[in-house]
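Here's the structure, in structure tokens; my notes come after.
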Amino acid sequence: MIEFKPKIQGETVEYTSVENGKVTGHITLTYHQTACAVKQIEADNDETAEGLIRSALNAAANRSAYTAVYEPAAFCHVAAALGFQKEGDKLTGEIPFLLTGTCCKQ
């Protein structure tokens with residue numbers, strides 16, 4: 001079973017994914033007021049990356065963040081599948097819509 005372990009300090013959210021005692025990924029997100037940004041992500045696969053992104057966005061939303069920017073080059077296709085959209089040279093989205101899942105997107 002995979003676990004997503006949080007570490008939240010100040011305006012920084014970090015999650016580490018662990019499966020059977022082995023670290024399988026890590027994400028760092030920063031937030032300030034109603035905005036947040038995914039700064040870094042590493043993961044063994046797309047499913048782990050998606051879980052890390054969702055966990056970090058949910059934690060930011062629970063701290064009043066509403067908009068999100070996805071900055072890493074890694075797993076951009078996963079971020080796009082969640083609903084991040086290209087805006088200039090950035091991937092952006094609104095957290096409530098990013099967390100709805102693909103079944104509700106048109």
Side-chain angles (χ1 to χ4, degrees):
M1 171 181 243
I2 194 163
E3 297 176 72
F4 296 100
K5 298 182 176 188
K7 178 181 172 189
I8 302 170
Q9 292 182 318
E11 295 182 333
T12 301
V13 173
E14 294 183 69
Y15 271 87
T16 301
S17 57
V18 178
E19 188 169 18
N20 299 322
K22 177 185 176 253
V23 172
T24 58
H26 185 265
I27 191 167
T28 302
L29 173 146
T30 60
Y31 65 92
H32 182 70
Q33 296 179 357
T34 61
C36 72
V38 176
K39 297 294 192 177
Q40 175 275 337
I41 186 169
E42 299 171 1
D44 285 355
N45 55 54
D46 290 354
E47 292 78 18
T48 300
E50 180 179 344
L52 287 165
I53 294 167
R54 286 180 179 278
S55 295
L57 289 175
N58 189 56
N62 286 338
R63 288 155 181 80
S64 300
Y66 183 79
T67 60
V69 175
Y70 187 86
E71 296 180 0
F75 298 104
C76 286
H77 61 286
V78 174
L82 288 172
F84 280 92
Q85 296 185 345
K86 192 105 168 135
E87 186 176 300
D89 61 344
K90 300 180 198 174
L91 289 174
T92 64
E94 295 175 348
I95 296 171
F97 299 105
L98 298 171
L99 294 177
T100 59
T102 56
C103 67
C104 300
K105 294 185 181 20
Q106 297 185 18

Give the minimum heavy-atom separation between [X] and [Y], together with the two atoms involved.
| X | Y | value |
| --- | --- | --- |
| A43 | L52 | CB-CD1, 4.3 Å |
| V69 | F84 | C-CE2, 4.1 Å |
| G83 | L98 | C-CD2, 3.4 Å |
| A56 | V13 | CA-CG1, 4.2 Å |
| T100 | F97 | OG1-O, 2.8 Å |

To the nearest 0.5 Å, how far apart are [atom1] in [X] and [atom2] in [Y]?
| X | Y | atom1 | atom2 | answer |
| --- | --- | --- | --- | --- |
| S55 | L29 | OG | CG | 11.0 Å |
| T28 | E42 | OG1 | CD | 8.5 Å |
| C76 | E71 | SG | CD | 11.0 Å |
| N58 | L99 | CG | CG | 6.0 Å |
| T67 | Q33 | OG1 | CD | 10.5 Å |
| T16 | E3 | OG1 | CD | 11.0 Å |

[Y] side chain reached by [X] side chain, heavy atoms, under 4.5 Å:
| X | Y | value |
| --- | --- | --- |
| C36 | I95 | yes |
| V38 | P72 | yes |
| Y70 | L82 | no |
| K22 | D44 | yes |

Legend entry - Given V23, I27, T24, the one that forms side-chain contact (heavy atoms from CB on, under 4.5 Å) with S17: T24

Legend entry - side-chain hydrogen bond (donor to acceptor under 3.5 Å, both in side chains) between T48 and N45, worked out: CA-CA 6 Å; T48 300; N45 55 54; 2.9 Å; yes

Legend entry - Qualifying residue for side chain to side chain donor-acceptor pair (under 3.5 Å) with E14, from H26, Q9, K39: H26

Legend entry - Verdict with reasoning, I8 to R63, per side-chain contact (heavy atoms from CB on, under 4.5 Å): CA-CA 11 Å; I8 302 170; R63 288 155 181 80; 3.3 Å; yes

Legend entry - Crowding at CD, E19 (>12 non-hydrogen neighbours, <6.0 Å): yes

